[in-house]
Amino acid sequence: LEALLLMNDSCYGPLADLGAIEQRARASDANLWGITDSWKTSYHIQSYFLRIDNHALNSAAFRRFWNTLLPYKFRRLVIRTGDIRFTQALLRKAMTTQVLCPYQKVASRALQLILAGTAGDAAAILPRERKYLGWLADEISRGTPLNPMHSFWDVLIAEFGCPFIKRNLLRQNPARIPGVAEWAAFLASHTQYDTDRIDRHLKIG
């Protein structure tokens, strides 16, 4: 194989042209290429979209990972033994990684937008939202690793062309992020995606 593309059903999309994104992945000389990366627990590329090149596919590290992967059901164990362990196994063998939306750039841009937004008319921002944005700005400044697909979902789509939005962000919003309820209007203003498709799927229990 020239490369292997792994995807899963944890997202809605694509919100943008995957052909253009695949071209960027092909042009990269990275062994492991994805949309977003994360520093939570340990550095890893988030596995909802993961392109693995020929060199990595033929490595002993790649075979060893799949031969020892256990079918955990709990999400945290899946991430720890799947996403994180896979990226780390390849990095230890001098493999290279690259993503469309690098965490540090996304977080930095999010902080800029927060500071610019909260510096304006206080009445334009709800008190609860202002409190959350203050907390988020503080966490970014501290260098606290956050889940970019949740904490920066709007920045990823509007500023970096991220083609996916997480299902559990819209279904459960586990971090209680303000503004998520306006996802349909946000996607309508920044993408050409048919938001009715997401709405119909969310109604299925």
Side-chain angles (χ1 to χ4, degrees), residues 1-11 13-112 139-153 155-157 159-169:
L1 296 177
E2 174 189 340
L4 175 66
L5 179 61
L6 298 180
M7 300 179 68
N8 63 41
D9 63 354
S10 66
C11 301
L15 310 175
D17 180 17
L18 282 186
I21 289 173
E22 173 62 10
Q23 286 181 1
R24 292 187 62 171
R26 285 174 178 267
S28 170
D29 59 1
N31 304 119
L32 196 59
W33 196 96
I35 302 295
T36 52
D37 53 1
S38 172
W39 293 82
K40 293 198 72 172
T41 307
S42 295
Y43 177 80
H44 61 282
I45 295 181
Q46 295 183 298
S47 64
Y48 61 88
F49 187 103
L50 199 57
R51 188 181 190 274
I52 306 153
D53 80 349
N54 179 271
H55 179 62
L57 284 174
N58 287 295
S59 68
F62 179 86
R63 293 191 298 274
R64 189 180 306 112
F65 169 82
W66 292 106
N67 287 335
T68 57
L69 182 64
L70 297 177
Y72 290 112
K73 293 183 178 179
F74 296 106
R75 183 172 178 271
R76 289 184 179 179
L77 282 175
V78 171
I79 293 173
R80 183 181 293 273
T81 63
D83 299 39
I84 295 174
R85 190 167 69 94
F86 182 65
T87 300
Q88 288 295 316
L90 295 186
L91 286 174
R92 291 192 194 97
K93 297 302 179 180
M95 303 277 182
T96 57
T97 62
Q98 189 175 11
V99 293
L100 177 70
C101 314
Y103 180 88
Q104 302 297 351
K105 289 185 178 180
V106 175
S108 177
R109 181 57 179 157
L111 181 58
Q112 291 176 354
E139 291 295 282
I140 296 172
S141 297
R142 291 173 183 269
T144 303
L146 302 167
N147 181 349
M149 289 294 284
H150 283 206
S151 298
F152 311 134
W153 70 274
V155 177
L156 282 168
I157 294 170
E159 301 278 327
F160 290 85
C162 178
F164 299 106
I165 186 169
K166 280 287 185 176
R167 287 172 53 191
N168 66 342
L169 174 68

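Side chains included, hydrogens not; waters and symmetry mates left out as well; all remaining heavy atoms used.
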- Task: Dump the intermediate steps for side-chain hydrogen bond (donor to acceptor under 3.5 Å, both in side chains) on Gln112 and Arg109, then the final yes or no.
- Result: CA-CA 5 Å; Gln112 291 176 354; Arg109 181 57 179 157; 3.0 Å; yes

- Without swapping roles, check the side chain of Asp53 against the backbone of Ala3 for a donor-acceptor pair under 3.5 Å. no

- Message: With rounding to the nearest 0.5 angstrom, report the CG to CG distance, Leu5 to Leu18.
- Response: 8.5 Å

- Task: Could you grab the distance from atom CG of Leu32 to atom CG of Leu91, nearest 0.5 Å is fine?
- Result: 7.5 Å

- Give the intermediate values and the outcome of side-chain contact (heavy atoms from CB on, under 4.5 Å) for residues Ile35 and Ile21. CA-CA 9 Å; Ile35 302 295; Ile21 289 173; 3.9 Å; yes

- Item | Minimum-distance pair of heavy atoms, taken over all atoms of Leu90 and Ala56 | CD1-CB, 4.3 Å

- Message: I need the Ile52 CD1 to Glu2 CD distance, nearest 0.5 Å.
- Response: 13.5 Å

- List the steps and the verdict of side-chain contact (heavy atoms from CB on, under 4.5 Å) for Tyr103 and Phe152. CA-CA 10 Å; Tyr103 180 88; Phe152 311 134; 3.8 Å; yes

- Query: Can you name the closest pair of heavy atoms from Met149 and Leu169 and give their distance?
  - Reply: O-CD2, 3.8 Å

- Message: When you compare the side chain of Thr81 with that of Leu70, does any pair of heavy atoms fall below 4.5 Å?
- Response: no

- Which of parallel (below 30°), tilted (30 to 60°) and perpendicular (above 60°) describes Tyr48 and Phe164? perpendicular

- Task: To the nearest 0.5 angstrom, please state how far the CG atom of Asp29 sits from the OG1 atom of Thr96.
- Result: 6.0 Å

- Rounded to the nearest 0.5 Å, how far apart are CG of Asp17 and CD of Glu22? 11.0 Å

- Message: side-chain contact (heavy atoms from CB on, under 4.5 Å), that's the test. Do Asp9 and Arg167 meet it? Break it down for me.
- Response: CA-CA 8 Å; Asp9 63 354; Arg167 287 172 53 191; 3.8 Å; yes

- Task: Locate the shortest heavy-atom distance separating Asp37 from Pro148; write the atom from each residue and the value.
- Result: O-CG, 3.4 Å

- Message: Using a 3.5 Å distance criterion without hydrogens, assess whether the side chain of Arg51 forms a donor-acceptor pair with backbone atoms of Leu6.
- Response: no

- Task: Could you check Ile45, Thr41, Val78 and say which one makes a side-chain contact (heavy atoms from CB on, under 4.5 Å) with Ile84?
- Result: Thr41

- Query: Would you say the side chain of Lys166 lies within less than 4.5 Å of the side chain of Asn147, judging by non-hydrogen atoms?
  - Reply: no

- Query: Would you say the side-chain atoms of Ser38 pair up with the backbone N or O of His44, donor to acceptor, closer than 3.5 Å?
  - Reply: no

- Does CZ in Arg80 sit with more than 12 non-hydrogen atoms of other residues, nucleotides or ligands closer than 6.0 Å? no

- Quick one: sort the Phe86 and Phe62 rings into parallel, tilted or perpendicular, breaks at 30° and 60°. perpendicular

- Task: Check Tyr43 against Gln88 and note the closest heavy-atom contact, atom names and distance.
- Result: O-NE2, 2.9 Å

- Message: Give me the atom names and distance for the closest heavy-atom approach of Leu111 to Ser141.
- Response: CD2-OG, 3.9 Å

- Between the side chains of Arg85 and Thr68, does any donor sit under 3.5 Å from an acceptor? yes

- Task: Rounded to the nearest 0.5 Å, what's the gap from OH on Tyr72 to CD1 on Ile79? Could you check?
- Result: 14.0 Å

- side-chain contact (heavy atoms from CB on, under 4.5 Å) between Lys93 and Ser59: does it pass, once the steps are laid out? CA-CA 9 Å; Lys93 297 302 179 180; Ser59 68; over 6 Å; no

- Query: Side chains of Gln98 and Ser28: donor-acceptor distance under 3.5 Å anywhere?
  - Reply: yes

- Task: Give the minimum heavy-atom separation between Ser151 and Leu146, together with the two atoms involved.
- Result: OG-CB, 3.7 Å

- Side-chain H-bond candidate by donor/acceptor type, Thr36 with Gln46, under 3.5 Å: yes

- Task: Ignoring hydrogens and angles, tell me if any N or O in the side chain of Asn54 forms a donor-acceptor pair with the backbone of Leu1 under 3.5 Å.
- Result: yes

